[in-house]
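Chain letters run A, B, ... following the sequence lines, proteins first, then strands; residues in each count from 1. Keep in mind that what you see is a predicted model, and the values were worked out from it rather than measured.
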There are 2 protein chains.
Amino acid sequence: MAALQIVNDEGADALTLRYLAKQLSSGTATLYRHFESREDLIAQVVDRVFAEMESSMPGIDNLGWEMTCRMLANHMFKVLCHHRGVAPLLLQSVPKGPNAMIQRERSLALLLANGFSTPLAVRAYVTLARYVLGFAVQLSDRHDEDRDNAQITATFLKLDRAAFPATFAVIDEFPIPLEEEFSFGLELMIAGLSQIRKCDLNQ
Amino acid sequence: MAALQIVNDEGADALTLRYLAKQLSSGTATLYRHFESREDLIAQVVDRVFAEMESSMPGIDNLGWEMTCRMLANHMFKVLCHHRGVAPLLLQSVPKGPNAMIQRERSLALLLANGFSTPLAVRAYVTLARYVLGFAVQLSDRHDEDRDNAQITATFLKLDRAAFPATFAVIDEFPIPLEEEFSFGLELMIAGLSQIRKCDLNQ
DNA sequence: ACCTGAACACCGTTCAAGT
DNA sequence: ACCTGAACACCGTTCAAGT
């Protein structure tokens, strides 16, 4: 799929019908034989990524619920990182393609098999999925991370030390790699889930 | 600021230089007297929102660290929801405007004042900020939420019951309002932070 | 000195005309 | 029946020409 290739290599914005047509030595009008609008094209690209997310999912039976949640979220994040520009394409609408359905079914089944009640399973799944996508989006839309980090550090250093004591107190910690932020937050949520599960299982 | 008005009312995509020029009874070329590119215009709009985030921040001293985190995150989320289309504009680069700096300083100071160590304060701040933005983005890019929810329910109901047992098991729970997902995940992270703080304070 | 119409190189989508 | 060049109404940015 040439469209996914473009999104991977040059980002979501580079996926224009004219550019795609040129890659395929075709015209824009001809593309409309394969999809009915750019939105439809994007839905097809997105579902292709869900197919890969499903097929490359490692076996995660009998690992306990914490490890199951961790691997689910990490795997989703890894696939979205691998296909750099694709995350923003997921924002427009909730994915409704066949492979998205399969991926959701598998994830929910894993949570239920690990003892989550139905209300908690849904909430855990949707919240983790949104968490993963929220981070993936912030990763893929960053066009030049190094330049951005350099700018933010420079901006910090130009601040008045007296007026920004807290910022200067933590300045040595910046920048924290986004992957580390992702893991940090994920572990927080898993720790939080373990507390909820105590109540959930007792009721 | 007419640009922010456009973003609020018609979304980030509606903020084109031509449309903005028309609203101001001007030409596109004239706009370049006030900013040097569309990116620069967006940075100005974004910083305006940070100014509002800061000025409308309720006093949150002496509420304890959990309440402080909760109010910080909720307030950021509320302001981003109020200015619907603005969240996607925050994705392109880390905000570097003066009001963004002030907002960050105040947030970090609050965490430090509540007993967070510097490494934990930074991580808690950046992760919460990314969490809030990740959700806000998924809220503002949804052009027609009701239509989308109707479509997803319809898609679920067309699935084969035997092949999608987990999906059908939880179908009554859908859709969960995004605001509820946000609160659910935020409480998970706060619960997770309370566990980390135990180790953090002991060391 | 300041402003701006018009141009340039793009975009998604449509459709009449060609094979 | 299938394909597609050209058109339409957009976009950000630039600059020569006007005041």
Side-chain angles (χ1 to χ4, degrees), chain A residues 1-48 84-93 95-97 137 140-144 147-148 151, chain B residues 1-48 84-93 95-97 137 140-144 147-148 151:
Chain A
M1 192 172 219
L4 181 53
Q5 186 84 4
I6 293 173
V7 175
N8 288 343
D9 297 346
E10 313 180 54
D13 291 343
L15 180 57
T16 69
L17 298 194
R18 288 179 144 85
Y19 186 57
L20 177 59
K22 192 180 287 181
Q23 298 298 315
L24 298 170
S25 312
S26 176
T28 54
T30 314
L31 292 177
Y32 282 80
R33 307 235 131 245
H34 302 93
F35 41 80
E36 57 183 17
S37 67
R38 182 167 191 268
E39 194 182 356
D40 184 35
L41 164 67
I42 286 172
Q44 291 185 33
V45 171
V46 163
D47 206 57
R48 182 68 64 112
R84 269 300 173 122
V86 95
L89 303 179
L90 285 163
L91 291 179
Q92 314 273 336
S93 63
K96 286 175 276 287
V137 158
S140 26
D141 244 357
R142 184 87 67 258
H143 294 292
D144 189 340
R147 190 175 58 91
D148 207 50
Q151 283 179 2
Chain B
M1 192 175 220
L4 181 53
Q5 185 85 5
I6 293 174
V7 175
N8 288 344
D9 297 346
E10 313 181 55
D13 290 344
L15 181 56
T16 69
L17 298 195
R18 287 177 145 87
Y19 186 57
L20 177 58
K22 193 179 289 180
Q23 298 298 313
L24 298 169
S25 312
S26 174
T28 54
T30 313
L31 293 178
Y32 282 81
R33 306 236 131 243
H34 303 92
F35 41 80
E36 57 183 18
S37 65
R38 182 167 191 270
E39 195 182 354
D40 184 37
L41 164 67
I42 286 172
Q44 290 186 34
V45 171
V46 164
D47 206 57
R48 181 67 66 109
R84 269 300 173 121
V86 97
L89 302 179
L90 286 164
L91 291 179
Q92 315 274 336
S93 63
K96 287 175 276 288
V137 159
S140 27
D141 242 0
R142 184 88 65 262
H143 294 292
D144 188 341
R147 190 175 57 92
D148 207 51
Q151 282 179 2

*Asks:* Just verifying a value: how many Å separate B:M1 CE and B:H34 NE2, rounded to the nearest 0.5 Å?
*Replies:*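 One finds 10.0 Å between CE of B:M1 and NE2 of B:H34.
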*Asks:* Return the CG to CG distance between B:D9 and B:L4, rounded to the nearest 0.5 Å.
*Replies:*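 Reported to 0.5 Å precision, the distance equals 9.0 Å.
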*Asks:* Between A:K96 and A:D47, is there a side-chain N and carboxylate O pair less than 4.0 Å apart?
*Replies:*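 Looking at A:K96 and A:D47, the cut-off is not met.
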*Asks:* Indicate yes or no for a side-chain donor-acceptor contact from B:R84 to the backbone of B:A12 under 3.5 Å, with no hydrogens or angles considered.
*Replies:* no
*Asks:* If you round to the nearest 0.5 Å, how far is CD1 of A:I42 from OG of A:S93?
*Replies:*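 If I round to the nearest 0.5 Å, the distance is 9.0 Å.
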*Asks:* Enumerate the residues from residues 31-47 of chain B whose closest heavy atom to DNA chain C is under 4.0 Å, giving them by residue number; use none for an empty result.
*Replies:*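 Per residue number, the list reads B:R33.
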*Asks:* Can you measure from OG1 (B:T30) to CG (B:L24) and round to the nearest 0.5 angstrom?
*Replies:* 10.0 Å
*Asks:* If we take the P atom in both D:dC8 and C:dA7, what is their distance in whole Å?
*Replies:*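 The answer is 16 Å between these two P atoms.
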*Asks:* So with a 6.0 Å cut-off around CD of B:E39, is the heavy-atom count from everything else above 12?
*Replies:*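 Not more than 12 within 6.0 Å, no.
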*Asks:* In Å and rounded to the nearest 0.5 Å, what is the CZ to CG distance from A:F35 to A:L41?
*Replies:* 4.5 Å
*Asks:* Between A:A14 and A:A29, which has a closest nucleotide on DNA chain C that is more 5'?
*Replies:*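 Nearer the 5' end of the strand: A:A14.
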*Asks:* Are there runs of at least three consecutive Watson-Crick or G-U pairs touching DNA chain C, with each pair's two distances under 3.5 angstrom? Give them by first number.
*Replies:* C:4-8 with D:12-16, C:12-16 with D:4-8
*Asks:* Once you round to the nearest 0.5 Å, how far does OG1 of A:T16 lie from NZ of A:K22?
*Replies:*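 If I round to the nearest 0.5 Å, the distance is 8.5 Å.
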*Asks:* Using a heavy-atom cut-off of 4.0 Å to chain A, what are the terminal contacting nucleotides of DNA chain C, in 5' to 3' order?
*Replies:*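 Listed 5' to 3', the contact boundaries are C:dC11 to C:dC15.
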